[in-house]
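Each chain gets a letter, A, B and so on, in the order its sequence line appears, and its residues count up from 1. What you see is a predicted model, and the numbers here were worked out from it, not measured in a lab.
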2 protein chains.
Amino acid sequence: MKLSQAEWQIMNALWDEHPATARQIAARLPEQVNWAYTTIKTMLTRLVEKQAVRERKQGNASLYDPILSRRQARSSALKSLVNQAFDGAFGPLMHFLFEQQDLTAKERTQIIQILQEHNNPKRNR
Amino acid sequence: MKLSQAEWQIMNALWDEHPATARQIAARLPEQVNWAYTTIKTMLTRLVEKQAVRERKQGNASLYDPILSRRQARSSALKSLVNQAFDGAFGPLMHFLFEQQDLTAKERTQIIQILQEHNNPKRNR
DNA sequence: TACATCTTACTACATTTGTAGAAATTGTCA
DNA sequence: TGACAATTTCTACAAATGTAGTAAGATGTA
């Protein structure tokens, strides 16, 4: 399942807490995203058509739940990036991450830290 | 600079070796990509307009060179993925990479290996 | 009950993307 | 020099995407 940028915004809001009404989703979008309410509804309708989201009527209004999980969406976005831009393998992606000159120090630290977390168990066992 | 999927195909072929003619690029595209020659030309024209590629006439034909570097393109694609899908931080991306259940053993090994490469210098110094 | 609201359902429209054909131009070889 | 072949230029067009307006139905409320 491929989500567009705008769809990611909606899904991110929905994953954070659901079910949610369109109104609630609107409230959770990042500041910069200043969509008309009907824009959000349009996106939701399209997501329902794509079966990324389930809609159920609650009185006159609708409640939405994700069908597509964040994990699934992340996984396919990542795979598609890797295929498109990193020769289809995670290796080149990892290399790239490490060679990145324009990572901030903070990002760098973050990464190293995670690596250690995930690396240490191996050595400690 | 944001490249579309099709544009990545062209750019990948061009980065591999340049300058290149449209014909050469065509020859380097992956098997599955079976575009008409004019499709490739259209993409190239658009990439020139976007200033991702430079075109120079060599007799009747054109030679193309990338202006946008692979590194730059990768960097912005990665950043945009991270923003869109990983809360804007590399940390969550790294975590995700490690928790991924559906990585193949090979991919897993690849990653660990890279990590070690980049981790060891720190300890060995 | 009659209005002010909210929500949905439909429609709209510009831009970007994927894909390519047709026509014009240029180079080439017999 | 004429016929072909290769290349470029233009034009086209459908699908996807971003963004939103309008009409009509449901609801709360004075």
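End-to-end axis angle of the helix from dT1(C)-dA30(D) to dA30(C)-dT1(D), using five pairs per end and rounding to 10°, comes to 10°.
R71(A) is listed as a side-chain neighbour of F96(B), based on a closest heavy-atom distance under 4.5 Å. A heavy-atom distance below 4.5 Å is found between the side chains of L47(A) and E7(A). Residues Q72(B) and M1(B) are not in side-chain contact: their nearest non-hydrogen atoms beyond the backbone lie 4.5 Å or more apart. Annotation: side chain of P66(A) is in contact with side chain of M11(A) (closest heavy-atom distance under 4.5 Å). Contact check for Y64(A) versus V48(A): side-chain heavy atoms found under the 4.5 Å cut-off.
The base of dT8(C) has none of its N or O atoms less than 3.5 Å from a complementary donor or acceptor on the side chain of R23(A). Contact of T39(A) with dG18(D) (side chain to base): no donor-acceptor pair of N or O atoms is detected under 3.5 Å.
OP1 or OP2 of dA22(C) has not a single side-chain nitrogen or oxygen of T38(B) nearer than 4.0 Å. OP1 or OP2 of dT8(C) sits under 4.0 Å from a side-chain N or O of Y37(A). Distances shown here put every side-chain N or O of T21(B) at or beyond 4.0 Å from the OP1 or OP2 atom of dT7(D).
The side chain of W35(A) lies closest to dT19(D), out of dC10(D), dT19(D), dG18(D). Of the candidate nucleotides dG18(C), dT17(D), dC10(D), dT17(D) has the atom lying nearest to any side-chain atom of R46(A).
A donor-acceptor pair shorter than 3.5 Å cannot be found between the side chains of S76(A) and K2(A).
Hydrophobic clustering of Ile, Leu, Val, Met, Phe, Trp and Tyr side chains at less than 4.5 Å, counting indirect connections, keeps L3(B) apart from V82(A).
Residues of residues 51-64 of chain B having a heavy atom closer than 4.0 Å to DNA chain D, listed by number: K57(B), N60(B), A61(B), S62(B).
The residue among K50(B) and N34(B) whose nearest nucleotide of DNA chain C is located toward the 5' end is K50(B).
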